[in-house]
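Written out below as structure tokens is the structure these notes cover.
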Amino acid sequence: MLLNAKDDVAIARVPLSRGVIIRLPDGTRNGGELVEVLQRVPSAHKVALHDIAQGQAVRRYGSIIGFATQPIQVGSHVHSHNLAVGELQQDYEYGVDVHPVDFLPPEQRRTFMGYRRPDGKAGTRNYIAIISTVNCSASTVRYIQRHFGPEIMREYPNIDGVIGLTHKSGCGMRHGSSSVEQLQRVLAGMAIHPNVGAYLLVGLGCESNQVQEMIQNMELSHGRQASWKKPLFLTIQENHGISGTVEEGARMIAELLPQVNAVQREPIPISELTLALQCGGSDGWSGITANPALGYCVDELVRQGGTAVLSETPEIYGAEHLLLRRARSREIGEKFVERLRWWEHYTAINDMELDNNPAPGNKLGGLTTIYEKSLGAVAKGGSTPLNAVYRYAEQINERGLVVMDTPGYDPVSATGQVAGGSNIIVFTTGRGSCFGFKPAPSIKVATNKTTYENMRNDMDINAGVILDGTSIQEVGRQILEEVIAVASGKQSKSEAQGIGEEEFSPWILGATV
């Protein structure tokens with residue numbers, strides 16, 4: 001497969017043996033010439049289409065994915081042994097590819113069956129959340145949660161469950177620091193999330209992340225949100241220890257059950273969907289099948305007034321020039337560049353490089369450098385203008401395509417997106433990630449048929465059919481239909497297996513002391 005006439009490599013559709021002859025397509029560099037494969041090239045990996053000198057840039061998708069670390073002979077396998085990142089001089093042009101969105105009139109927009117909240121937001125699920133403010137209260141949260149098993153919850157059919165959101169932080173950090181503030185943003189974002197009908201905060205009492213300070217700092221006790229979702233909280237030290245806190249917490253949750261169960265699903269325009277875009281366990285097909293198909297779904301959702309959140313900043317690095325060309329304003333573009341420069345500094349002081357991002361599984365699947373991975377990953381964002389850039393877990397208030405700055409690590413990234421208001425997730429995967437997330441359902445799209453067939457109980461959609469001739473647009477429409485169905489109550493594959501609480505993972509900044 002040749003993705004762009006300017007490319008120096010082609011992608012092996014099937015494993016190529018030594019001696020196989022490739023005819024280069026007409027209209028491309030050296031079009032019509034025959035190339036003999038010199039060594040075995042696995043499926044989804046790259047083969048050189050001409051001789052490449054040491055130090056020369058190598059292109060895929062029409063963009064640079066790295067530089068040759070040694071001379072590469074035509075017909076050779078191109079991968080980590082002869083390709084690496086280098087000094088990449090990007091030409092940033094802001095807003096030159098911004099095209100008006102052809103919005104559908106409101107009366108023509110699709111709807112889903114969701115929960116309309118008193119503050120105007122829309123939920124795709126209806127949970128009660130018990131949230132620990134510090135790891136010291138995590139076990140207590142789980143003990144409270146255990147009181148509400150299937151035998152009790154059967155009496156409340158409109159509640160999707162009582163979930164416990166625990167984490168490994170909340171203390172060992174400077175009181176009042178930006179690290180505490182970011183954690184509070186995450187926890188408050190989960191508390192006020194439209195998929196959460198009520199919540200209980202549980203702390204120890206002496207931690208850096210003080211419960212009542214968080215309620216005050218995050219304005220949980222006043223405003224439109226507080227008018228329908230009261231900030232309930234307990235601390236272990238003020239409730240006679242764990243047993244007393246568990247007893248009181250179970251009593252408080254039991255009182256909430258009838259109230260939360262009273263809400264009913266109703267038709268809501270899909271303009272109220274905020275779709276978190278994720279990819280994990282990516283492979284060489286991700287940027288060819290699943291990610292472009294998800295991008296088509298995103299464009300259609302935006303046309304209908306909805307929102308999509310592109311994240312995983314380290315997995316945009318090297319492809320940022322494509323997004324910046326779509327920035328609605330120079331200010332938005334420069335805000336994103338500032339985040340990239342922050343990541344260069346952040347990785348350097350932690351003895352890392354952004355090219356550390358491709359994992360062993362990514363490389364086994366054909367991806368070599370972070371530039372190559374990023375060029376495929378940004379395809380999830382479709383083609384509409386970039387309307388805003390948010391810091392981690394900030395509340396999303398712009399519509400259309402937006403970016404939230406997060407790490408590339410999927411649980412941490414999705415936690416920030418959902419805390420910011422995303423009420424559903426689409427997750428593309430080539431190697432086979434089993435990701436789920438509560439309270440926002442996660443739909444998984446396999447990039448290839450082998451992964452889909454091997455993990456049918458985990459994969460919701462097979463985008464590998466694109467390699468057999470199905471159009472990207474058709475699979476994109478299938479993803480949109482699945483988004484609407486799952487938003488309306490259909491269980492995703494991960495939900496059907498009960499997955500999604502352990503994946504809650506706030507991004508912890510700074511030293512632990």
Side-chain angles (χ1 to χ4, degrees), residues 1-86 88 281-292 318-319 355 357-379 430-431 447-451 463-469 472:
M1 298 184 69
L2 187 64
L3 305 180
N4 188 291
K6 298 179 181 178
D7 286 354
D8 303 299
V9 294
I11 311 304
R13 172 70 179 80
V14 295
L16 302 178
S17 301
R18 179 180 179 181
V20 166
I21 303 298
I22 302 170
R23 182 184 181 278
L24 300 184
D26 293 332
T28 63
R29 180 175 179 176
N30 303 326
E33 291 187 5
L34 301 180
V35 171
E36 181 179 353
V37 177
L38 300 183
Q39 62 223 137
R40 184 180 183 276
V41 179
S43 173
H45 283 240
K46 298 173 288 296
V47 59
L49 300 180
H50 55 84
D51 291 337
I52 302 171
Q54 183 173 349
Q56 183 178 331
V58 177
R59 284 175 170 78
R60 177 186 176 181
Y61 304 110
S63 293
I64 295 172
I65 61 171
F67 300 86
T69 57
Q70 61 188 55
I72 300 175
Q73 190 175 352
V74 58
S76 297
H77 180 207
V78 179
H79 199 35
S80 303
H81 61 286
N82 55 16
L83 183 69
V85 299
L88 184 59
S282 299
D283 67 354
W285 300 125
S286 295
I288 300 173
T289 62
N291 289 347
D355 193 48
N357 180 282
N362 298 145
K363 294 187 176 183
L364 190 63
L367 296 175
T368 306
T369 68
I370 185 57
Y371 303 155
E372 181 180 18
K373 187 177 183 182
S374 295
L375 286 163
V378 296
R431 306 297 295 170
T447 71
N448 63 84
K449 185 164 56 178
T450 300
T451 296
V465 296
I466 292 170
L467 298 174
D468 296 324
I472 287 172

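The chain is numbered in sequence order, starting from 1.
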State whether the side chain of [X] and the backbone N or O of [Y] hold a donor-acceptor pair below 3.5 Å, judged by distance alone.
X      : Y      : result
Thr289 : Thr447 : yes
Asn448 : Gly430 : yes
His79  : Leu364 : no
Lys46  : Gly366 : yes
Asp7   : Gly62  : yes

Minimal non-hydrogen separation, [X] against [Y], with atom names:
X      : Y      : answer
Pro42  : Ala12  : O-CB, 3.6 Å
Val85  : Thr369 : CG1-CB, 3.8 Å
Ile288 : Gly284 : CD1-O, 3.7 Å
Ala377 : Asn291 : CA-ND2, 3.7 Å
Val378 : Ala319 : CG1-CB, 3.9 Å
Ser286 : Pro292 : O-CD, 3.5 Å

Determine all donor-acceptor pairs shorter than 3.5 Å in which one atom belongs to a side chain in residues 66-75; sequence neighbours excluded.
| residue | atom | partner | partner atom | Å |
| --- | --- | --- | --- | --- |
| Thr69 | OG1 | Asn82 | O | 3.4 |

Taking the side chain as C-beta and beyond, is there a heavy-atom pair between Asp468 and Lys449 under 4.5 Å?
yes
Is the number of heavy atoms from other residues, nucleotides or ligands within 6.0 Å of CZ (Arg13) greater than 12?
yes
From [atom1] ([X]) to [atom2] ([Y]), nearest 0.5 Å:
X      : Y      : atom1 : atom2 : answer
Ile64  : Arg59  : CD1   : CZ    : 4.5 Å
Asn362 : Glu372 : CG    : CD    : 10.0 Å
Trp285 : Ser43  : CH2   : OG    : 5.0 Å
Ser374 : Ile65  : OG    : CD1   : 11.5 Å
Leu24  : Leu34  : CG    : CG    : 8.0 Å
His45  : Thr368 : NE2   : OG1   : 7.5 Å

Step by step, would you call Val41 with Val20 a side-chain contact (heavy atoms from CB on, under 4.5 Å)?
CA-CA 10 Å; Val41 179; Val20 166; over 6 Å; no
Of Asp8, Asn4, Leu375, Ile11, the one forming a side chain to side chain contact (heavy atoms under 4.5 Å, CB included) with Arg60 is Ile11
Testing the 3.5 Å rule here: is there a donor-acceptor pair between the side chains of Ser282 and Lys373?
no
Between His81 and His77, how do the two ring planes meet: parallel, tilted or perpendicular, split at 30° and 60°?
tilted
